[in-house]
Amino acid sequence: MRTSLYLVFVLSGASALIYESIWSRYLGLFVGHSAYAQIIVLAMFLGGMSLGAMLVGQWSARCQRPLLWYAAIELAVGLLGSVFHPVYVAVTQLAYEVVFPAMSGPVTLLYAKWTIASAFILPQSILLGATFPCLSAAVLRYTAVQPGRVLALLYGANSLGAAGGVLLAGFVLIDLWGLPGTVMTAAGCNLLVAVIVLLLLRLQPARSTADLERTLPYLDEWTRLSPWARRRLWRLLLGVSLGTAIASFIYEIAWIRMLSLVLR
């Protein structure tokens with residue numbers, strides 16, 4: 001069961017980065033600047049994912065059927081992805097014909113473009129962020145030991161799929177099927193993941209929250225700390241994680257700009 005879920009998360013990660021790479025192309029056409037489009041996509045993609053993870057994270061530990069919810073989220077992402085292109089065409093046409101001519105100046109026009117561009121991708125980004133808490137809660141219930149290793153494998157599987165997805169989208173799928181076909185491929189991956197997970201649930205029903213509690217022996221060590229020490233340690237870990245994330249994505253933006261000069 002665990003191995004199947006790891007493989008499923010590889011496919012989910014591939015679809016997520018196909019979306020990210022394709023959204024940059026779509027929004028570049030809309031806002032008229034590829035660098036601005038990359039920044040908007042990165043901010044909305046990561047911000048939406050963090051929001052989705054925070055909203056679902058606490059709840060997933062108490063959820064009785066997190067794997068079913070994971071399948072539902074993947075289904076929702078796939079359905080939104082399948083209508084992304086026609087919605088993009090309709091909304092951008094409306095914006096150029098009705099909204100933008102009514103704008104009072106260039107600053108207002110810029111804000112309107114960025115707001116519409118963000119709205120295109122934020123709902124799916126929030127849903128994508130909710131996938132990891134649900135799936136990790138489900139996988140931990142099938143594992144008696146080493147929850148840290150389980151979470152690391154899940155994250156690694158998702159990241160591996162993400163790397164494959166962005167390479168596949170950038171070098172193969174866009175040339176074969178263009179932007180609409182590529183975004184439909186990502187949506188198809190999400191729908192396939194939902195179907196596979198539902199089949200796995202029929203073969204092996206989900207376990208209860210009590211099973212999850214038995215897989216978290218490290219909580220005993222955590223509870224031995226004083227409330228003051230827990231707060232200090234928690235803030236330190238959050239601060240380190242925040243700093244690492246800021247540095248990582250400053251690198252990403254800088255590397256994209258530098259490599260675009262070399263590979264042009």
Hey, what do you get for [atom1] ([X]) to [atom2] ([Y]), rounding to the nearest 0.5 Å?
{"X": "Leu173", "Y": "Leu179", "atom1": "CG", "atom2": "CG", "value": "11.0 Å"}
{"X": "Ser15", "Y": "Glu20", "atom1": "OG", "atom2": "CD", "value": "12.0 Å"}
{"X": "Ser24", "Y": "Ile22", "atom1": "OG", "atom2": "CD1", "value": "8.5 Å"}
{"X": "Leu17", "Y": "Leu128", "atom1": "CG", "atom2": "CG", "value": "10.0 Å"}
{"X": "Met54", "Y": "Met49", "atom1": "CE", "atom2": "CE", "value": "12.0 Å"}
{"X": "Ile40", "Y": "Leu27", "atom1": "CD1", "atom2": "CG", "value": "6.5 Å"}

Transitively linked via ILVMFWY side-chain contacts under 4.5 Å: [X] with [Y]?
{"X": "Leu46", "Y": "Ile39", "answer": "yes"}
{"X": "Leu191", "Y": "Trp177", "answer": "no"}
{"X": "Val193", "Y": "Tyr6", "answer": "yes"}
{"X": "Ile73", "Y": "Met44", "answer": "yes"}
{"X": "Val183", "Y": "Leu168", "answer": "yes"}

Notebook entry, point to check: Passes side chain to side chain contact (heavy atoms under 4.5 Å, CB included), Val166 versus Ile18? Steps please.
Noted result: CA-CA 5 Å; Val166 74; Ile18 290 174; over 6 Å; no
Would you call [X] and [Y] a side-chain contact if the rule is heavy atoms closer than 4.5 Å?
{"X": "Tyr70", "Y": "Val8", "result": "yes"}
{"X": "Leu51", "Y": "Leu55", "result": "yes"}
{"X": "Ser4", "Y": "Ile196", "result": "no"}

Determine the minimum heavy-atom distance between [X] and [Y], stating which atoms define it.
{"X": "Leu151", "Y": "Phe132", "answer": "O-CZ, 4.2 Å"}
{"X": "His85", "Y": "Pro180", "answer": "CE1-CG, 3.5 Å"}
{"X": "Leu67", "Y": "Leu201", "answer": "CD2-CD2, 3.8 Å"}
{"X": "Gln124", "Y": "Val77", "answer": "NE2-O, 3.3 Å"}
{"X": "Ser82", "Y": "Leu79", "answer": "OG-O, 2.6 Å"}
{"X": "Ala169", "Y": "Ser21", "answer": "CB-OG, 3.5 Å"}

Without swapping roles, check the side chain of [X] against the backbone of [Y] for a donor-acceptor pair under 3.5 Å.
{"X": "Tyr19", "Y": "Ala187", "value": "yes"}
{"X": "Ser241", "Y": "Leu237", "value": "no"}
{"X": "Thr131", "Y": "Leu127", "value": "no"}

Check: Could you go step by step and tell me if Phe9 and Ser159 meet the side chain to side chain contact (heavy atoms under 4.5 Å, CB included) rule?
Finding: CA-CA 9 Å; Phe9 216 34; Ser159 299; over 6 Å; no
Notebook entry, point to check: For Leu68 and Leu198, what are the C-alpha separation, side-chain angles and deciding distance, and is it a side chain to side chain contact (heavy atoms under 4.5 Å, CB included)?
Noted result: CA-CA 7 Å; Leu68 181 61; Leu198 290 174; 3.8 Å; yes
Please set out all donor-acceptor pairs under 3.5 angstrom arising from side-chain atoms of residues 247-256, sequence neighbours excluded.
| unit_1 | atom_1 | unit_2 | atom_2 | d |
| --- | --- | --- | --- | --- |
| Ser248 | OG | Thr244 | O | 2.8 |

Next item on the list: With sequence neighbours left out, write down each residue that passes ring-ring contact (aromatic ring centres under 6.0 Å, His included) with Phe100, or none if nothing qualifies.
Entry: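 Here the qualifying residues are Phe30, Tyr96.
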Next item on the list: Identify, with sequence neighbours excluded, every residue that meets ring-ring contact (aromatic ring centres under 6.0 Å, His included) alongside Tyr36.
Entry: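 Listed in chain order: His33, Trp114.
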Note to self: A quick test of your reading: do over 12 heavy atoms of other residues, nucleotides or ligands sit less than 6.0 Å from CH2 of Trp59?
What the structure shows: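 Buried by this count: over 12 neighbours within 6.0 Å.
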Checklist line | Test log, rule side chain to side chain contact (heavy atoms under 4.5 Å, CB included), inputs Leu42 and Trp23 | finding: CA-CA 10 Å; Leu42 195 59; Trp23 288 340; over 6 Å; no
Check: Can we call the ring centroids of Phe84 and Tyr26 under 6.0 Å apart?
Finding: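 Yes - the distance between ring centres of Phe84 and Tyr26 falls below the 6.0 Å cut-off.
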